[in-house]
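Computed from a prediction, not measured in an experiment: that's the story for all the values here. Below, chain A is the first sequence line, B the second, and so on; all start at residue 1.
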Amino acid sequence: MSSTVAPHAAAPRPDLPATDGHAVEPRENYLNVDYGWKSWLLSTDHKRIAVMYLITIMFMILVGGSFAILLRLELATPAGDLLQSETYNKIFTMHGVVMVFFFLIPGIPAVLGNFLVPIMIGAKDLAFPKINLLSYYIFLAGITLTLIAVAMGGVDTGWTFYTPYSSTYANSQVALAAIAVFVTGFSSILTGLNFIVTVHKMRAPGMTWFRLPLFIWAQYATSLIIMLGTPVIAITVALVGLERLFHIGIFDPTYGGDPVLFQHMFWFYSHPAVYIMILPAMGVMSELVTAFSKKRVFGYHIMAFSTLAIAVIGFFVWGHHLFVSGQSTYAGVMFSVITMLVAVPSAIKVFNWVSTMYRGDVWLTTPMCFAIAFLGLFTVGGLTGIFLGAMGFDIHVHDTYFVVAHFHYVMVGGMVTAFFGGIHFWWPKMFGRMYPENMGRISAAIIFIGFNLTFFPQFILGYMGMPRRYHFYPEEWQVLNVLSTAGATLLGTGYLLPMIYLPWSLKFGKVASKNPWGAKGLEWQIDSPPTTFNFDKVPIVTEEAYAYPEGSRHQREAEVV
Amino acid sequence: MSSVDATGLAHHFEDLEQQHESATLGMWAFLITEIMFFGGLFGAYVVYRTMYPEAWENGSKELDVFLGALNTTVLIGSSLTMALAVRSAQHGKNRQVIGFTFLTMVLGFVFLGVKIVEYHAKWEHHLIPGPHFMFEGHLGGHEELFFALYFVMTGTHAFHMIIGAGLMIWVILKAARNEYTPQHHSHVEMIGLYWHFVDIVWIFLFPLLYLLGRHGHASIGH
Ligand SMILES: [Cu+2]
């Protein structure tokens with residue numbers, strides 16, 4: 001393994017002409033092997049399925065993003081002028097449903113995970129390729145149902161579907177949306193199951209558990225959460241659907257049903273779902289930080305174990321969403337304490353990424369710019385999570401913009417930033433072309449500034465008491481809201497840029513070499529783009545993950561002198 | 001593309017052993033998701049039973065223990081025939097696989113038939129939750145919750161059995177083409193695991209719904 005990777009000093013940089021980009025006929029790879037539409041739609045190749053997911057998910061970002069723009073436009077003025085309250089309720093619900101279930105949850109696992117899990121462990125494909133394709137079509141079915149629900153008038157319950165409003169009183173397409181969420185859940189269950197079996201059974205010789213890249217650990221832990229959590233949300237929304245269609249009374253207080261039981265069941269999944277969104281992002285972070293610091297990750301084992309710790313502890317904190325729902329004080333205190341425990345493994349990760357960069361050979365490429373943006377934004381999101389985990393403070397800011405700002409810092413600042421960082425990092429591998437580097441850096445900067453401008457004012461608004469989910473507000477809050485809307489415009493521009501220059505690069509980008517970053521890992525030893533079966537012969541792994549030369553940059557430079 | 005060679009080995013596996021181990025682990029992982037799925041329902045059952053013990057006893061007494069016990073026997077019998085089908089597949093005896101799988105299916109349909117008889121009786125007694133629900137001449141009441149969970153839990157269980165029966169048709173078709181060999185019979189084993197799981201769910205449903213609190217005197221809750 002080590003012999004095939006160029007030494008650091010000789011690593012080609014994208015600003016230099018790619019070394020193996022001669023004008024010869026390109027070798028057969030997974031993209032040019034067959035151009036027929038059937039060869040895509042019926043493909044069981046994990047890489048093609050990843051590309052189909054990528055296109056679908058990008059479409060969903062545009063849908064969810066346009067809802068967000070409508071919300072921010074409405075909130076530019078204190079009066080409810082652009083949207084009426086019913087419409088506003090539907091728009092924020094659909095924004096949440098689309099973004100959570102069709103982007104944040106599947107985003108990294110279904111796109112980067114599908115593409116990279118088999119390659120990173122030295123396998124030809126996932127363990128169950130047909131099930132992988134099935135999961136994609138189930139995902140499409142979920143999207144179709146959601147879009148039908150939108151076309152038929154939308155849903156106005158909030159993405160949380162709280163009972164008894166959703167089950168008894170709401171006058172919108174709740175049942176259809178519940179079925180959509182139910183169906184989509186099976187897509188993520190099948191993906192998770194596939195990853196678990198693949199990591200257990202398909203590793204190449206020599207690829208021991210503690211040689212796995214941290215991205216794989218993250219996908220594995222995420223898959224565990226998906227398997228244990230998603231079935232619970234499935235049965236929960238199924239009960240809401242049944243209640244709505246047949247009035248069976250399960251969450252209806254008239255029959256003794258308990259609406260708070262719904263909240264317990266919902267958050268039993270939906271809190272861990274936060275880690276379904278952020279753990280894969282943390283996996284991407286570990287890859288980016290090591291590759292662009294040219295240094296072995298600081299504390300590999302503790303990074304792997306902290307990933308598992310987050311997955312496990314995450315299942316025991318759901319009650320922090322019920323501090324004001326009539327939960328007993330003792331339960332509240334316990335949930336509060338356990339919630340704070342999650343901060344420990346999360347902080348370990350942040351410290352270890354920073355320690356990895358410390359005295360490393362930091363190379364500020366676009367993916368690294370996204371990684372550094374992640375560090376800042378996730379830290380703010382994580383720390384305000386501790387505020388919210390503290391019961392007393394939570395009661396003050398419950399259901400205010402403080403909460404909205406917090407989870408956007410974690411979800412958008414964390415997951416979406418890492419997603420874009422990962423897409424740029426592996427873009428040359430996926431499509432064999434380099435993206436325009438300076439455009440990438442500019443969009444990372446715009447996203448970072450736009451993001452903070454959008455969501456930091458919301459912390460202040462929330463602390464001052466502005467409740468979430470209203471389409472109008474008192475005039476004294478207009479300045480901060482206008483700042484937020486202006487930031488959202490910038491942020492939207494930042495996200496649109498890669499959606500333009502990335503497809504552009506498919507035709508006009510420089511041809512990428514096998515390993516444009518000089519990075520370690522099996523994926524950088526095979527062709528860009530890979531052949532259909534990834535490896536010509538089964539690789540034999542002989543070294544640890546991230547086996548960059550020992551010592552800091554200064555020591556290495558001293559050696560050269 | 002996902003191609004399979006003459007021994008039944010798919011292209012992306014190294015050998016049949018790896019393929020079989022992957023299928024087995026995948027099936028167990030799937031059953032864990034199933035446990036969590038039913039777990040949500042069992043959780044709701046526990047919460048409401050604790051809240052309304054009397055309603056639960058009253059509800060239990062409306063269920064037909066004889067038919068429930070009969071169905072338990074039928075299902076345990078079907079687990080036996082399923083296990084025999086798996087054993088036959090391991091020995092590559094495709095004709096026996098057909099016979100035992102068919103028998104398992106028949107027992108599955110007997111179970112579902114009895115369930116229909118039970119559901120029909122509930123219909124006649126206005127015990128279907130919804131606008132027409134009546135318990136001892138009264139509208140609504142907490143007994144409705146018991147019956148809501150009864151129908152959702154047994155209905156979900158029955159749905160799993162129908163899926164299982166569908167999978168068995170597939171096994172029979174494959175066995176009819178003599179596809180099972182001592183080296184290659186994962187399908188039958190996986191469907192066997194699934195079927196046993198569905199049986200075990202019933203083994204929990206039967207006492208929880210039919211038996212528990214049946215002989216109580218509505219005093220636990222006080
Ligand atoms: Cu939470």
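- Side-chain contact between A:Trp40 and A:Met52 is present, with heavy atoms from C-beta onward closer than 4.5 Å.
- Remark: side-chain polar atoms of B:His187 are not paired, donor with acceptor, to backbone N or O of B:Val171 under 3.5 angstrom.
- Residue B:Phe30 touches chain A through both its backbone and its side chain, counting heavy-atom pairs closer than 4.5 Å.
- When each of B:Thr156, B:Leu41, B:Ile35 is checked for heavy-atom pairs under 4.5 Å with chain A, B:Leu41 comes out on top.
- Residue B:Ala44 touches chain A through both its backbone and its side chain, counting heavy-atom pairs closer than 4.5 Å.
- Here the side chains of A:Trp209 and A:Ile216 are not in contact, with every heavy-atom distance at 4.5 Å or above.
- Per-residue heavy-atom pair counts under 4.5 Å with chain B were compared for A:Val232, A:Ile250, A:Asp252, A:Leu242, and the maximum is reached by A:Ile250.
- Pairs of residues two or more places apart, or lying in two chains, that qualify as salt bridge (charged side-chain N to carboxylate O under 4.0 Å, His left out) and include a residue from residues 14-28 of chain B are A:Lys124-B:Glu14, A:Lys201-B:Glu21.
- In this structure, the portion of A:Leu126 lying under 4.5 Å from any heavy atom of chain B is its backbone and not its side chain.
- Inter-residue side-chain proximity for A:Met265 and A:Ile233 is flagged as unmet; no heavy-atom pair is nearer than 4.5 Å.
- Comparing A:Asp125, A:Leu239, A:Asp258 by heavy-atom pairs within less than 4.5 Å of chain B, the highest count is held by A:Asp258.
- Using a 4.5 Å cut-off between heavy atoms, A:Leu193 touches chain B through its side chain atoms alone.
- A:Glu523 places no side-chain N or O within donor-acceptor distance of the main-chain N or O of A:Ile119, the cut-off being under 3.5 Å.
- Heavy atoms of A:Ala123 lying under 4.5 Å from chain B are absent altogether.
- In this view, A:His264 and A:Trp318 satisfy the side-chain hydrogen bond (donor to acceptor under 3.5 Å, both in side chains) rule, not counting sequence neighbours.
- In terms of heavy-atom pairs under 4.5 Å with chain A, the best-connected choice from B:Phe147, B:Tyr48, B:Tyr52 is B:Tyr48.
- A donor-acceptor contact shorter than 3.5 Å links the side chain of B:Ser78 to the backbone of B:Leu75.
- Within the 3.5 Å criterion, the main-chain N or O of B:Pro53 finds no donor-acceptor partner in the side chain of B:Arg49.
- In this structure, B:Ile191 CD1 and B:Met168 CE are separated by 7.5 Å, a value rounded to the nearest 0.5 Å.
- Residues passing the side-chain hydrogen bond (donor to acceptor under 3.5 Å, both in side chains) test with B:Ser79 are B:His196, B:Asp199, sequence neighbours excluded.
- Aromatic ring centres of B:His157 and B:Phe111 lie closer together than 6.0 Å.
- Looking at A:Val33, neither its backbone nor its side chain comes within 4.5 Å of chain B, counting heavy atoms on both sides.
- For residues 221-231 of chain A, a heavy-atom distance under 4.5 Å to chain B picks out A:Met227, A:Leu228, A:Pro231, given by residue number.
- Comparing B:Gly40, B:Ser22, B:Gly43, B:Ala148 by how many heavy-atom pairs each has under 4.5 Å with chain A, the most go to B:Ser22.
- Proximity to chain B (any heavy atom under 4.5 Å) is shown, for A:Asn534, by neither the backbone nor the side chain.
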